[in-house]
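Since the structure comes first, as structure tokens, the remarks are kept for the end.
Owing to the predicted nature of the structure, the values given are computational and were not obtained by experimental measurement.
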Amino acid sequence: MGGPRGGYLTEEEKQNQPKVTGALLRRVFSYLAPYWKQMLVVIALIAVSSVFSLMPSILTGRIIDEGLIGRNMSALIRLILLSLAVTFGSSLIGVAETYLNTWIAEHITYDMRGKMYRHLQKMSQKFFTTNNQGDIITRMTSDIGGVQSIITNTLTSILSNVITLIVALLAMFRKNWILALIGIVIVPLFTIPTRRAGKTRWDITREAQETNDRINGILNETLSVSGQLLVKLFGKEEREYQKYDEANSRMVKLNIRERMAGRWFIMILTTFTSIGPMLLYLVGGILMMRYDASLTVGDITVLVALLGRMYGPVNSLLNIQVDWIRSMAMFTRIFEYFDMPVEIENAPDAVRMPEADGSVAFEHVDFSYDGERQILKDVSFSLKSGRSVAIVGPSGSGKSTMINLIPRLYDVNAGAVTFGGVDVRKIDLADLRSHIGIVSQETYLFNGTIRDNLLYAKETATEEEMIEACKKANIYDFIQNQDKGLDTMVGNRGLKLSGGEKQRISIARVLLKDPALLVFDEATSALDSISEAKIQEAIDPLIESRTSILIAHRLSTILAADEILVVKDGQIVEQGTHAELVGAGGVYTELYETQFSKALAPVPAAQGDGVSEEGKAFLFASDTDPESYGNEE
Ligand code: ATP
């Protein structure tokens, strides 16, 4: 008790009590069922060890009566040895029980975690964008971890407490029913005030916990890599410190109050618990001296000892309801996740596609993320194998969304996307995704070395292959300049590298994957001109050699493609080559003129040294783009 997960329900828990149905229970037991044999053994062990643990208290009576008062040395030694042996036996059984119990609990949570991880892996992109990452992780760690404690603590303690109580009561009634009755009345009288005192303490602890969470939140936010940067750049150090200080001093007060509540609590507890035995001695003495000559000193001692052993079990059994509700809530939360439908999965008749030509077609595709706002409307285009297309358009027009539909991160609402001539929903998911390489805007690198990140694309890649890929991606010079070369750590999410370096590593990664279709989502954020030139040099030959889709923001990238699609408000509004579109007087011309003609006069050649100065200035999605304002609302 005492912690926030102690013996009392919070208001929130009371309101969100789960509905315990037969189906829920059956489901919970389905996870325990595979281990029923081990569980039976545990139950037997608990029973034996609970009985054994009471034996010394019962034997004390005989030690006093037969050994001490009866002045019988051999009986005294025999009883003492027996008592020791029983205690030893009980502890030994306790060890075996703990081992087996932990083993079962660990295996059940292992099964659940594995199942949950597998399930989460299958969840769509939508699930991860709509659910809070913290919630997902809590479900995986705390909730499933809680299941383990239900099994190792709750179930075990219910069982051993019930057995201890029954055995203790039987033994008391056998000794003397009047004293046993007094015992039954006393125990709840003392446990109830104890619980009340406990609740006060628990309330303070919970408040302290909330404050602690707040402090952690502040720390997480302001001492993280990007958080501290924001604080520095906006000069908010003082304000953040004030916030921190306020929570911190609240914590001090709460901690003191909590300690002191605990102190009173212990004081009351010690006084109360000593009243019980005294009462038994008194009534026992009166009975023994006045009414019942058969009642012995030993009997009274046994009754007092057994009374002492009842407080604990009664107290924990009073908590059972709370434990039960909490456990069921935890299982309900876990099952909620298990029950979330896997939105994107292999069709039963999915076709394997070990080889692919990389061709893509959109046929009258409609798409919406939330079922309300239409993001793509009747989008149709086709990209033949070996060709390349640049998609341009204002920010928020739906360019990345189009790309997401090809590897089935989302499924279309109407129409179809085909890959290699087959509807993507009919292709084996693993095969489909193995043929598509995406260099995204937000490059994600795992915390590890550059080598680890490259091997992620192809586990069997040789050193030569990796170097070759890095050279092609124009990142090899950078790697060579690092002390540790390929074994340089990239830092948390690649934060030790610049945006350009990260993107070039991710290009190398895609090169190792060698996909039939390459998708390049060009960074909208301005890179410095050298970085841009390097990326351009890396990407140009790639585009030449394979089927590619480029979400382009720079003219040089646009010009590298065979064809241009202009997207606006989720529709393809123009389609053609640069030469065809630039003079057509449409959206492309407008974008070209507002963004681009200010920065240059003549249209530069597509290739050559990679990027012209003019190309770098061509940012469709920049802040000066009037279209992008309109669309972002
Ligand atoms: P940019 O050039 O800025 O990257 P874009 O043309 O690639 O923009 P998309 O990312 O495809 O645009 O977004 C199109 C629209 O869909 C935007 O209005 C955006 O707010 C919305 N959107 C994008 N992702 C999601 C999502 N996961 N859930 C809901 N809406 C989304």
Side-chain angles (χ1 to χ4, degrees), residues 125 358-362 365 367 369 375-377 379-383 387-410 417 419 436-444 473 499-500 502-504 506-507 509-510 515 517-527 531-532 535-536 538-540 542-544 546-578 581 587-588 591-592 595-596 606 611 615-623 625 627-628 631-632:
Q125 187 72 4
S359 63
V360 172
F362 276 54
V365 168
F367 178 76
Y369 283 103
I375 304 290
L376 297 180
K377 290 160 224 154
V379 170
S380 296
F381 76 89
S382 69
L383 171 64
R387 306 271 297 171
S388 57
V389 64
I391 305 179
V392 301
S395 179
S397 55
K399 305 183 290 293
S400 308
T401 305
M402 284 168 68
I403 299 306
N404 289 341
L405 299 178
I406 306 172
R408 283 191 77 197
L409 296 181
Y410 299 90
V417 175
F419 182 76
I436 303 169
I438 298 188
V439 179
S440 53
Q441 254 194 50
E442 280 283 320
T443 312
Y444 192 91
K502 270 197 290 189
Q503 203 163 40
R504 278 180 284 148
S506 93
I507 293 173
R509 186 162 67 179
V510 165
L517 172 70
L518 173 80
V519 177
F520 179 58
D521 194 346
E522 191 165 56
T524 30
S525 53
L527 294 171
S531 291
E532 268 183 27
I535 290 174
Q536 196 69 43
I539 212 81
D540 280 347
L542 278 180
I543 302 169
E544 296 267 290
R546 73 188 68 218
T547 323
S548 0
I549 300 181
L550 317 161
I551 299 185
H553 300 289
R554 287 187 283 275
L555 185 67
S556 45
T557 316
I558 297 169
L559 293 177
D562 298 319
E563 199 185 11
I564 302 164
L565 294 180
V566 184
V567 183
K568 193 185 167 198
D569 295 339
Q571 281 174 311
I572 295 179
V573 287
E574 282 161 41
Q575 189 167 356
T577 61
H578 174 75
L581 296 177
V587 178
Y588 187 82
L591 288 167
Y592 175 78
Q595 297 306 302
F596 189 49
V611 191
K616 288 160 215 155
F618 190 71
L619 281 163
F620 273 129
S622 75
D623 288 343
D625 176 5
E627 294 286 349
S628 61
N631 276 289
E632 266 171 350

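Of the possible polar contacts, one joining the Glu574 side chain to the Val587 backbone as a donor-acceptor pair under 3.5 Å is found. Looking only at distances, a side-chain donor or acceptor of Asp562 sits under 3.5 Å from a matching main-chain atom of Ser388. With hydrogens and angles disregarded, no donor-acceptor distance shorter than 3.5 Å links the side chain of Gln575 to the backbone of Ile564. Between the Ser548 side chain and the Arg546 main chain, a donor and an acceptor come within less than 3.5 Å of each other. Between the side chain of Lys399 and the backbone N or O of Pro394, at least one donor-acceptor pair lies under 3.5 Å.
For Arg408, the salt bridge (Lys or Arg N to Asp or Glu O under 4.0 Å) partners are Asp411, not counting sequence neighbours. Contacts of Ser440 classified as side-chain hydrogen bond (donor to acceptor under 3.5 Å, both in side chains), with partners at least two apart in sequence or in another chain: none. For Asn404, the side-chain hydrogen bond (donor to acceptor under 3.5 Å, both in side chains) criterion is met by no residue, not counting sequence neighbours.
Ile572 has its side chain out of reach of Ser380: every pair of non-hydrogen atoms, C-beta onward, lies at least 4.5 Å apart.
Side chain to side chain, Thr401 and Tyr410 fail the donor-acceptor criterion of an N or O pair below 3.5 Å. In summary, the side chains of Tyr592 and His578 do not present any donor paired with an acceptor at a separation below 3.5 Å, with no hydrogens or angles considered.
Here the options are Asp521, Ile549, Ile436, the test is side-chain contact (heavy atoms from CB on, under 4.5 Å), and the partner is Ile403; only Ile549 passes.
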